[in-house]
Each structure stands twice: as C-alpha cells, then as structure tokens.
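For reference, the structure discussed in these notes is given below.
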Amino acid sequence: MNEASPAGSPGGLDLSRIKTIDGVDVRGKRVLIRVDFNVPIEGGKVADPTRISRVLPTIAKLAHEGAKVIVLSHLGRPKGVISPETSLKPVADKMKELMAGTTVRFIGDCLGEEARNGLRTLRPGDVAVLENVRFYPGEEKNDPNFAKRLAEHGDLYVDDAFSSAHRAHASIEAITRLLPSYAGLLMMAEITALGEALETPEHPVMAIVGGAKVSTKIEVLTNLVARMDTLVVGGGMANTFLLAKGMKLGASFAEPDFVHTAKDVMARANAAGCAIVLPSDAVVAKALAEGADWQVCPVAKVPQDAMILDFGPDSVAGLKRRLADIRTVLWNGPLGAFETPPFGAGTFAIAQEVARLTQEGKLISVAGGGDTVRALNEAHVADDFSYVSTAGGAFLEWLGGHELPAVAALARNGARA
Ligand code: 3PG
Ligand code: MG
C-alpha cells in the first residue's frame, strides 16, 4: 500500500474536508457552477449527452432551491481563441431540451458586457450557460485575473466537473481562492466511488487494465500493483507483457521499448503479492478489419503473419472463474480491438459477467475512460455496473496515484472555512 495515502485520501488529501452543497442556503444567490460539457458535437448538435445528463441533478437542485445558476465549462481545445466550432451553444440547446420547465439561457461570452447584461436579469431558479471559458487564454493558464473576472459573476462556486479535475485551470483552481467553494453531487459521487474502489475497497480487489499501450499507463500499472490483489492486463498492452515473458507474437502490436517497464511491473506485483493475469489464448487475424478471417490459438503459438486482437475463449473462461472470488473490480481499458467486430467478444463477455455479478450483489464494479464506457454501452451493461465514471484523463490520473488539482483545491477551501 502507498503509505503516503491514508484510506480514502488520494495523495494524502483528507476528502472529509470537502464541503458539499447539501444544506447550503442558495436562495437568491448567484451560484457559479463549473461543469464538464466537453461532449462530442456532430453537425452542430450534441452527439452524446451523457456528461450533460450526469450533471443535471446538481443544476436542477440548485435551481429548485432558488439559486441563479450560472454554468461555466470548456469544450474542446480552442486555445484561447474564439472558435465557433467549439461554442457551447449546442450544449445550451440540449440543456433546454433536457430541462423543460426551467428557463435556460445561453450567453455568448463568459466575460464583459454581454455576460454582465445577460446575467443581470437572471431570476432565482433560472439557468444561464456562459460561452466556452477556453476562448480566453487565462483559463488554461490558471490566471488569477481571469478567475477574478469570472468570480465577479457569483456569490458561491460549485465544482461538478470531476472529469476536468486534473486541470489546474482558472475556472477550476484559481477561482476557489476567491469564492466559497463546494463540490457538486457528481463530483462527490465520483470521488466517493473511485476512492472506495481504489483506496478502501472490499477485498479481494481486481483491476482490469487494457488499451493499446503500456507507455501511456506506466504510473497506473505501478500504482495498481501496490493496491490490488489481482491485475488483469488486456488489449495491446498485454502483448508487451507477453514479450517480456519471452514469447513471440507474430505480427502483433507491442512496444519492445517498454518490455523493461512490463518486467518492472511484474517484479513489483510479485513483491506486493498482486497476481498478474495475462491472456493464455487469443483471437488472431492477419488484419484488423471487420469480417477478417480469424482463428483462436494459444498466445505461445501465434502464427508469424497473424496478430492478437482479442482475449481467446480460454482466457475469458479463466477470467470469469477468477471473478467468482472477487469483491471489487476497477476497470479501465478494453481487452481487445472491440470497435472492430468480432474482436469485441472478449471485452463484452467480461463486461457482461461483471455486470451480472454486480446485479447479484456479489461485486462492486467501477469503470472509467472513454473507450471503456463505449465498450460497456455496446455490451448494454453500463447501467448494471456499480459506478461508471464520466472521466477519462482524470480517471487515469487518479488511478496513477496523482493528486487532482480540483480535488485538492476543494479540500483546501474546506479546511480554511
Ligand atoms: C476530458 O474530456 O477529458 C476533459 O474535459 C478534459 O479535457 P482536456 O483534455 O482538453 O483538458
Ligand atoms: Mg480528453
């Protein structure tokens, strides 16, 4: 275990210091709420409203309690320049649709005359969505002056943007030094679910980590072997572990430069008593293409011109057997190339098994990351997990044992009050 991090406290933070909005009198107050509306936009419309839906309970609660709710967010990476394709207008339109009965107004700037004028007539219970904070360079620079100008719009600040918690930006970090600051409902749900799964899980606890590359998840793997009882490695990154065990993998993707990392992770796991699980067999094909001819073979016998694209049936059966004894599962990253049929079978089978055990009350399951959530949705089991995070980068930072600037800012603010 990481001794610097007491239970429930990533990076040594005392999360009990974070103030929540419960019981705060917001009537008639201007509440600035930072959310993460960084959602996919296609043809001027929101293509996946998940992040909007997940934050609506906080916005609705504040509006219902008579706050004037002023919503701040980024979208995309406009890098301090006004760019229409990353406008929050389509998101505000979606909000209007989802919050029928509430007045939702879009304001085409987050500062200046336009914002001031738009906000002046806001009534208790109304919601205003300000334009993309990243249209100003001060946002990503965590500029205290930019934060001050934003803070002038509000009496209180609420952070409900867990998926942006790894960014020390002005509307996330600097602003907490200027206004009484609280965590929203989604923020609390995320840090509670992830904290419980990572820091104070019911044992035995298993992490399933997949995805293409070891190189992007070195800290995640290193942190997890110190905390988990079992670490399942899947996806392309499993190939690098198999290489480290001396296997020849035909034309499979792997990162030979990170074989030493895989060896290091295995040595640490061994020392910490964490079992590492790799696939024993695989679905292989000559090309990663829909409908490509495929076959199943042991990972030690991958044909020279074939590549590993998914867990094979023995690996899936073995993992299902292990899951029967597990109490908590933490999942980030698919086990195979699930976007291309039929190479999603392994990921989907395990997702369905984790969902089934969760529904039977045998397992606590927490998943996060864009690809992972997509895979769970394709397997129709996202609703059957105990918790599915809205976060990608922030989820990985947390799994890697890093302090998240937003969470640290909320804890600091709570301690001071
Ligand atoms: C995300 O989608 O992970 C967050 O909104 C953060 O976005 P960013 O990586 O552009 O900071
Ligand atoms: Mg991102």
Side-chain angles (χ1 to χ4, degrees), residues 10 33-42 46-56 58-59 71-83 85-92 94-95 110 129-143 146-147 150 158-176 183-184 186-187 189-191 193-194 211 213 216-217 219-220 331-334 366-377 382 387-400 402-410:
I33 176 168
R34 177 56 154 102
V35 300
D36 187 345
F37 281 164
N38 189 22
V39 295
I41 305 285
E42 282 164 24
V46 172
D48 175 0
T50 306
R51 279 183 170 173
I52 305 172
S53 318
R54 294 285 296 273
V55 86
L56 280 188
T58 309
I59 295 175
V71 182
L72 297 172
S73 181
H74 75 282
L75 174 66
R77 294 177 174 170
K79 302 243 170 275
V81 180
I82 297 172
S83 46
E85 66 283 6
T86 56
S87 170
L88 282 165
K89 172 84 172 38
V91 176
K94 191 74 194 173
M95 291 263 292
C110 60
V129 178
L130 298 183
E131 184 56 289
N132 197 338
V133 287
R134 287 193 184 170
F135 285 178
Y136 287 87
E139 168 63 3
E140 292 193 59
K141 292 190 183 124
N142 203 21
D143 176 0
F146 180 65
L150 289 175
V158 175
D159 187 349
D160 217 18
F162 177 75
S163 46
S164 299
H166 55 319
R167 304 299 184 209
H169 293 172
S171 68
I172 294 169
E173 208 278 343
I175 198 166
T176 64
L186 178 60
M187 175 66 88
E190 294 267 13
I191 57 187
L194 273 55
K213 293 179 176 177
T216 57
K217 293 190 185 169
E219 284 166 326
V220 171
W331 191 342
N332 173 267
V366 176
D371 286 345
T372 314
V373 175
R374 217 165 301 139
L376 298 188
N377 282 330
Y387 194 79
V388 177
S389 178
T390 54
F395 190 82
L396 281 182
E397 288 285 314
W398 183 301
L399 291 188
H402 294 281
E403 181 181 288
L404 300 175
V407 178
L410 290 170

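Order of listing sets the numbers, starting from 1, for every ligand and every atom in it. Nothing here was measured: the structure is a model prediction, and the numbers come from that model.
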Which value, rounded to the nearest 0.5 Å, describes the distance between [X] atom [atom1] and [Y] atom [atom2]?
X    : Y    : atom1 : atom2 : answer
L186 : S389 : CG    : OG    : 8.0 Å
D159 : I175 : CG    : CD1   : 9.5 Å
N132 : K89  : CG    : NZ    : 15.0 Å

Report task. Please confirm whether N38 comes within less than 3.5 Å of ligand 1 when only nitrogen or oxygen atoms on both sides are compared. Result ->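 In this structure, N38 places an N or O atom under 3.5 Å from an N or O of ligand 1.
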
Query - Carboxylate-amine/guanidinium contact E139 R34, below 4.0 Å - result: yes

Does the residue [X] have a heavy-atom contact with ligand 1, meaning some pair of atoms that are separated by less than 4.0 Å?
X    : value
H169 : no
E140 : no
G392 : no

Query raised in the report: Between the side chain of D48 and the main-chain N/O of P40, is any donor-acceptor distance below 3.5 Å?
Result: no

**Report entry** N/O donor-acceptor pair under 3.5 Å between W331 side chain and G333 backbone
**Finding:**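 Between the backbone of G333 and the side chain of W331 there is a qualifying donor-acceptor contact (under 3.5 Å).
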
For ligand 1, which atoms, with element, lie under 4.0 Å from some heavy atom of [X]?
X    : answer
S163 : 3 (O), 4 (C)
R51  : 1 (C), 2 (O), 3 (O), 5 (O)
D36  : 4 (C), 5 (O)
R167 : 8 (P), 9 (O), 11 (O)
R77  : 8 (P), 9 (O), 10 (O)

Query raised in the report: Can R54 be said to sit on top of Y387's aromatic six-ring, NZ or CZ under 6.0 Å from centre and within 45° of the ring axis?
Result: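 Geometry flag: set, cation within 6.0 Å and 45°.
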
